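One structure is given here, and the rest of the page talks about it.
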Amino acid sequence: MSSTGVQAWTHAALRIVSGFLFFQHGYPKLFGTLPGSAEVEVPRELLTFFGWSGFLEVVGGFLIMMGLFTRPVAFIVAGEMAVAYFWRHAPRDFWPGSNGGELAALYCFVFLFLATAGGGAWSLDALLGRRAERP
């Protein structure tokens with residue numbers, strides 16, 4: 001496999017896995033718990049910070065996983081993760097390992113990468129782009 005093939009595969013893997021995990025990060029904020037989970041939480045109201053973040057994480061995670069509107073969606077959720085980090089984690093301590101913000105910081109930078117790189121060759125963005133180029 002050429003380096004281009006490996007890069008396309010790893011780009012798709014990063015996008016799909018990050019989107020899937022981000023989707024799962026927001027699902028309990030909207031629906032209370034993940035399917036099959038023993039612990040049940042009360043879902044948050046949609047018109048709260050946590051409700052909006054849950055919405056962004058579920059919808060954004062799904063769109064990123066599919067590679068649809070990857071650049072704008074990834075930019076928006078990278079911003080959400082930056083806000084989450086600086087609003088909720090950074091006031092506790094400077095270091096992400098001490099303030100519980102590793103995941104927010106990592107998501108932020110993964111999504112910044114996807115915002116600049118796009119969905120990659122194996123995405124709905126690429127598929128729709130190829131269809132639009134056909135005469």
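Please read all numbers here as calculations on a predicted model, not as lab measurements.
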Distance-only donor-acceptor pairs under 3.5 Å for side chains of residues 50-74, two or more places apart:
{"from": "S53", "atom 1": "OG", "to": "F49", "atom 2": "O", "distance (Å)": "3.2"}
{"from": "S53", "atom 1": "OG", "to": "F50", "atom 2": "O", "distance (Å)": "3.0"}
{"from": "E57", "atom 1": "OE1", "to": "G26", "atom 2": "N", "distance (Å)": "3.4"}
{"from": "E57", "atom 1": "OE1", "to": "K29", "atom 2": "NZ", "distance (Å)": "2.9"}
{"from": "E57", "atom 1": "OE2", "to": "K29", "atom 2": "NZ", "distance (Å)": "3.0"}
{"from": "T70", "atom 1": "OG1", "to": "G67", "atom 2": "O", "distance (Å)": "3.4"}
{"from": "T70", "atom 1": "OG1", "to": "D125", "atom 2": "OD2", "distance (Å)": "2.7"}
{"from": "R71", "atom 1": "NH1", "to": "T116", "atom 2": "O", "distance (Å)": "2.5"}

(Q) Checking F113 now: which residues fulfil ring-ring contact (aromatic ring centres under 6.0 Å, His included) with it, not counting sequence neighbours? (A)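 For F113, the residues satisfying ring-ring contact (aromatic ring centres under 6.0 Å, His included) (neighbours in sequence not counted) are H11.
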Name all pairs fulfilling the salt bridge (Lys or Arg N to Asp or Glu O under 4.0 Å) condition that reach into [range], sequence neighbours left out, sorted by first residue then second.
{"range": "residues 108-121", "result": "none"}
{"range": "residues 6-18", "result": "none"}
{"range": "residues 100-119", "result": "none"}

Q: Drop me the distance from L106's CG to F111's CZ, to the nearest 0.5 angstrom.
A: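 Reported to 0.5 Å precision, the distance equals 9.0 Å.
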Q: State yes or no: do L14 and I16 share one hydrophobic cluster built from I, L, V, M, F, W and Y residues joined by side-chain heavy-atom distances below 4.5 Å, directly or via other members?
A: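 They do share one cluster, since a chain of ILVMFWY contacts under 4.5 Å joins L14 to I16.
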Q.
Clusters formed by hydrophobic residues whose side-chain heavy atoms approach within less than 4.5 Å: which one holds F109, and what are its other members?
A.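 Hydrophobic cluster check, F109: joined to L112.
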Can you give me every donor-acceptor pair (side chain of residues 78-91, partner residue at least two apart or in another chain, under 3.5 Å) with its distance?
{"from": "Y85", "atom 1": "OH", "to": "N99", "atom 2": "ND2", "distance (Å)": "3.1"}
{"from": "H89", "atom 1": "ND1", "to": "N99", "atom 2": "O", "distance (Å)": "3.2"}
{"from": "H89", "atom 1": "ND1", "to": "G100", "atom 2": "O", "distance (Å)": "3.3"}

(Q) Please enumerate all residues that pass side-chain contact (heavy atoms from CB on, under 4.5 Å) together with L103, with sequence neighbours excluded. (A)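 With neighbours one apart ignored, the set is H25, Y107.
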**Q.** Heavy-atom pair of closest approach, residues A126 and G120
**A.**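 Answer, listing the atom of A126 first, then G120: CB-O, 3.3 Å.
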